Every structure is written in C-alpha cells, then in structure tokens.
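Read the structure below first, then the notes.
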Amino acid sequence: MAITPGGGCLRCGLDRTGVPHFRVVAWPDERAVAFEEPACGAHYQPYGPVELGFVTSLVAQLALDCLLGKVTRPCHRIHAARRASLTEAGGRWSDRWIDQYPTMTEGGVQVEREWLSGTCAACSASKIA
Ligand SMILES: [Zn+2]
C-alpha cells in the first residue's frame, strides 16, 4: 500500500489487532492470521516462493510508481493467488472479494484498491487538533 501526502496512515486500513479491513481470503479459523506447526510452535503463512515472486514484483512496481509520481492517492495493491493454490492451502475467497470482484474468482490477478484514509482514531484526532 502507498500513503500519499494528506492521505491517512497504515492504521486506517487495519483493525486494532492489525488485520486488514479488506481481506481477500477467508480461512477455516477466521481468527488465524498465521498457521502453526503442530507440537512445534512455529508460525507460518501458507504461501510459497512462487506467490512471493508475484508480491515482490507488485511491491517493486508500486515503489517505482511512487518514485515517478504516478501514485496520487492512497492505494492498496493486492496479488490474489490462483484459486487452485488457495484451495490447496485450505482457504476460500472472502465474501467481500467475491462481491467486489466476481469475475476474478479464478485468481492469479492483481487489483488496486483505494486505501481508507482518515478513518482511524489517530487520523480523526489529528483532524480535530
Ligand atoms: Zn489513520
């Protein structure tokens, strides 16, 4: 995500525990933000090096767009993995993803969304002050 001058903060797009307001995936245990190895204590996200390759490209492109002045409003870019990878990991598309991107349920896509701005307590307080 990118925040532009006058455009909110990181907290605006997250709840008080750090979970994004907009989630692409729903996991069987909605509270889980990371999976845990049985009897080990290690936590992990169910993504592999292939998916990370897409994400690093997405982040690099957004950074370049910011440096070149192409980003003029707060935005959030998302890479949604292929549906087959998601299903294999035990997840499913969130209801909001299906509602807002009904033609993208096969995955393997990138989308850009507006980042919520000025909606968190800190930003609201700074507007009052
Ligand atoms: Zn904020």
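These numbers come from the heavy atoms of this one structure, side chains and all, not from hydrogens, waters or symmetry mates. Note that the structure is a prediction, hence the values are computed from the model and not measured. Just follow the structure's listing: the first ligand is 1, and inside any ligand the first atom is 1.
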Side chain proximity check, Cys66 to Thr4, heavy atoms < 4.5 angstrom: no
Interatomic spacing from CD in Glu51 to OG in Ser85 - rounded to 0.5 Å: 5.0 Å
The Zn ion (ligand 1): protein N, O or S atoms [distance under 2.8 Å]: Cys9 SG, Cys12 SG, Cys120 SG, Cys123 SG
Expected output: side-chain His21 to main-chain Leu14 donor-acceptor under 3.5 Å: yes
Heavy-atom neighbours of Glu88 CD exceed 12 at 6.0 Å: no
Over 12 foreign heavy atoms within 6.0 Å of CD, Gln110: yes
Distance under 6.0 Å and angle within 45° of ring axis: Arg96 vs Phe22: no
